[in-house]
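Structure first, commentary second.
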Amino acid sequence: MPLSAAARTRPGSDRPRGTAGEKGGGASHKTPRLGDFHVPPRLLGLCALAVPIGAIAALAAVGLMKMIALSTNLFFFGTLSVADSEPSGTSSPWLILTMPVLGGLLVGLMARYGSEKIRGHGMPETLEAILVGGSKVKPRVAVLKPTSAAISIGSGGPFGAEGPIIMTGGAIGSLIAQFLRITTDERKTLLVAGSAAGMAATFNAPLASIVLAVELLLFEWRPRSFVPVCVAAVVATLVRGPLLGTGPLFPGAHVPERLALPAYGLCIVAGAAAGLLAVAVTSLVYVSEDLFARLPFHWMWWPAIGGLIIGLGGLVEPRALGIGYDVISELLTGHATVGLIIGILLVKSLIWGLSLGSGTSGGVLAPVFMIGAALGAAEGLVFPHVSPGFWAVVSLAGVLGGAMRSPLTGIVFCLELTHEVNALIPMVIAASTAYLVSVVLLKRSVLTEKLARRGLHLSREYSVDPLEVHLVRQFETPTTVTFRATQTAGEAAALLRDAHAVADEDGVLAQRLYPVFTSDRDLCGVVTRSDLVYTAPDDPRPLAGIVRKPVTAHPDETLRTIAYRMAAESVTRVLVLTREEKPQVEGVLSLRHLLEARRIDLHEEHHSERFLRLPSRRRSPADTPPVVPTA
């Protein structure tokens, strides 16, 4: 059949009209106005929910700290008290050796018969719940995780409370969200809000908790998640104030306002050393995990073996046991002895890395604080004196940024822990250098390696989706082929066969989605090439009887919007309509166009080119050397 059997049209004043309010896939598509951010109406509701989540998470954080103190007093002093105490306060070497084993045994039993999710330091489990668990946490985890952490730390475990409280706060947010009819993304927001609130209450560090949520937990930068997280963190900090105080956790470094220029250069050295230490302790954790995995008995017993390692280390340096905030304070204020510095740097690193690989319950931040501060204190023995504890503060930021692969979190965390604003630039230098060393030498961080071992891949690199910066009008192709509703299916199929016979791959066959118009030039639907390819040439059915409602797009919509629409409607092509009162068919957009936008982004990332060159001086005849005749 000749091509005249189909109407060939191009965009212009005489293009066919679409039906007003044409629906794609049977459902209308309301496109939000383009702007820097999309703010859903439910955002205020999420913020309102973040208030009680923040308050409850703060109370849970305070409760965890009291439970740790209670466990410490029970294990090492035999008293029922929630007064602050440290395992090193006992005078019995026998207790130092055996209590970590008993605590590890109890944690193993709780994990075996309660929930395996309480194993580890909490952050990978929280990430896993967000990535593949629909941000749903079981109620038992909200109870067992802080309980197991209190037992593990209270019995001498060299861990922190932040990982467990991040998981516990996240569980609180998730449980509240599970009682509501909300989306998975909204449930994720409330989970992360609870995690950030718990961390803010533990360390009196709301800004660092928010930055950690952005850098590690949210996997997005949107008002719908950022604002509720901020609300929860602020509420948790306000609730914490009357209960635990409002001052910095580790005050007293007293960094001077001006530093000598060589000190900034040494901050680079300190940052590189911090990065190497972060790589070493991260590797130690997972080497330990591999060694425990080879043991010929059930993992329930592994935390008890880890407890034996802790006990042996405690005999060498008792102050390496427990959270050790008092030790961190001494290191950051320059009051630690050389013996304590070396003991913490070696013993704490070893027992923390080896025991955490056993699968016991405990966090990573407090140990990283102590190890980083000990490294800086050791450097302070040989580096030029700046102020008491200066190098400890700088190295703490470095090890934190290198171990967590979250340099902004490391910097802000140190600022809020010490309130040493004068150390900001040294912290930035050290944390950034350590981050660089860590990402170059190690593929995964201490927070993400466990996810990779469970078969999950987590990319920590975030960028703007290239489909978000391109509009439909930039890639659509004109609808060069259309059909009349009165034409038969056989006639349309014959047209495709003729085009195939002459290899018209750039014309009729390339379009694949064909608008069908009434005699009044109104759009009544579309047919696809797959609708017609198996149709008999004598099929008498009019096209009006076999058309389908098109999935539509508008020229000013982003390709990302259309990609989601294609996914929702299970199509690979959409019809582009103008936004006029009587919409007109402007073109077709296909999956190939989305890939073309991706290809442009790939080209911009990998193709190197130069546009400017320095002008070169033209040689004058005087500059030309004389020609010397040869024999």
Side-chain angles (χ1 to χ4, degrees), residues 11 22 24-25 27-43 130-131 183-186 188-189 192 210-211 213-227 229 406-408 439 457-479 510-513 550-580 583-612:
E22 185 64 44
S28 61
H29 300 294
K30 293 183 178 180
T31 305
R33 295 179 61 183
L34 296 182
D36 293 342
F37 297 100
H38 170 58
V39 183
R42 295 160 65 96
L43 174 59
I130 293 171
L131 289 172
T183 67
T184 300
D185 279 348
E186 291 169 336
K188 176 192 71 174
T189 295
V192 176
I210 295 167
V211 175
V214 172
E215 282 197 299
L216 187 64
L217 298 176
L218 286 176
F219 306 106
E220 65 180 25
W221 176 260
R222 295 184 178 183
R224 72 174 188 186
S225 53
F226 176 75
V227 178
V229 166
S406 304
L408 294 179
V439 297
H457 169 65
L458 171 62
S459 174
R460 300 283 304 280
E461 295 184 347
Y462 305 129
S463 60
V464 175
D465 188 343
L467 299 185
E468 188 66 39
V469 299
H470 293 292
L471 301 180
V472 170
R473 65 165 64 97
Q474 298 172 253
F475 289 88
E476 63 177 295
T477 54
T479 51
Q511 187 171 318
R512 294 177 178 258
L513 184 69
V551 179
T552 61
H554 296 295
D556 57 352
E557 291 184 295
T558 65
L559 295 188
R560 184 181 182 185
T561 300
I562 306 307
Y564 282 132
R565 190 170 301 163
M566 287 180 176
E569 302 289 352
S570 299
V571 298
T572 58
R573 285 170 176 78
V574 296
L575 200 62
V576 181
L577 301 180
T578 64
R579 289 189 181 273
E580 300 167 357
Q584 296 181 327
V585 176
E586 187 168 282
V588 173
L589 189 81
S590 69
L591 188 60
R592 175 178 61 85
H593 297 119
L594 305 186
L595 297 179
E596 177 64 17
R598 292 281 184 188
R599 189 195 65 78
I600 292 174
D601 181 67
L602 192 67
H603 176 83
E604 292 176 349
E605 182 176 354
H606 295 287
H607 181 70
S608 301
E609 51 190 342
R610 175 186 291 178
F611 292 99
L612 297 176

Would you indicate whether the side-chain heavy atoms of [Y] and [X] approach each other to under 4.5 Å?
X: T561; Y: R565; value: yes
X: T189; Y: R222; value: no
X: E476; Y: I562; value: no
X: L575; Y: V551; value: no
X: V574; Y: V588; value: no
X: M566; Y: T572; value: no

Which pair of heavy atoms, one from [X] and one from [Y], lies closest together, and at what distance?
X: T558; Y: V472; value: O-CG2, 4.5 Å
X: F475; Y: E596; value: CE2-CG, 3.6 Å
X: A597; Y: P466; value: O-CB, 4.3 Å

Out of curiosity, [X] [atom1] to [Y] [atom2], how far, rounded to the nearest 0.5 Å?
X: H554; Y: E580; atom1: NE2; atom2: CD; result: 11.5 Å
X: L218; Y: D185; atom1: CG; atom2: CG; result: 10.5 Å
X: R573; Y: L589; atom1: CZ; atom2: CG; result: 10.0 Å
X: I210; Y: L217; atom1: CD1; atom2: CG; result: 12.5 Å
X: R473; Y: E586; atom1: CZ; atom2: CD; result: 8.0 Å

Is there a donor-acceptor pair closer than 3.5 Å between any side-chain N or O of [X] and the backbone N or O of [Y]?
X: E468; Y: D465; result: no
X: T578; Y: Q584; result: yes
X: Q474; Y: L471; result: yes

Review point. What residues, two or more places apart in sequence or in another chain, satisfy ring-ring contact (aromatic ring centres under 6.0 Å, His included) together with H606?
Key: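 Residues passing ring-ring contact (aromatic ring centres under 6.0 Å, His included) with H606: none at all.
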Practice item. Please work out which of the three classes, parallel, tilted or perpendicular, describes the rings of F226 and W221, given edges at 30° and 60°. Key: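 Correct class here is tilted.
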Practice item. May I have the step-by-step check of side chain to side chain contact (heavy atoms under 4.5 Å, CB included) for E220 and K188, ending in yes or no? Key: CA-CA 11 Å; E220 65 180 25; K188 176 192 71 174; 3.4 Å; yes
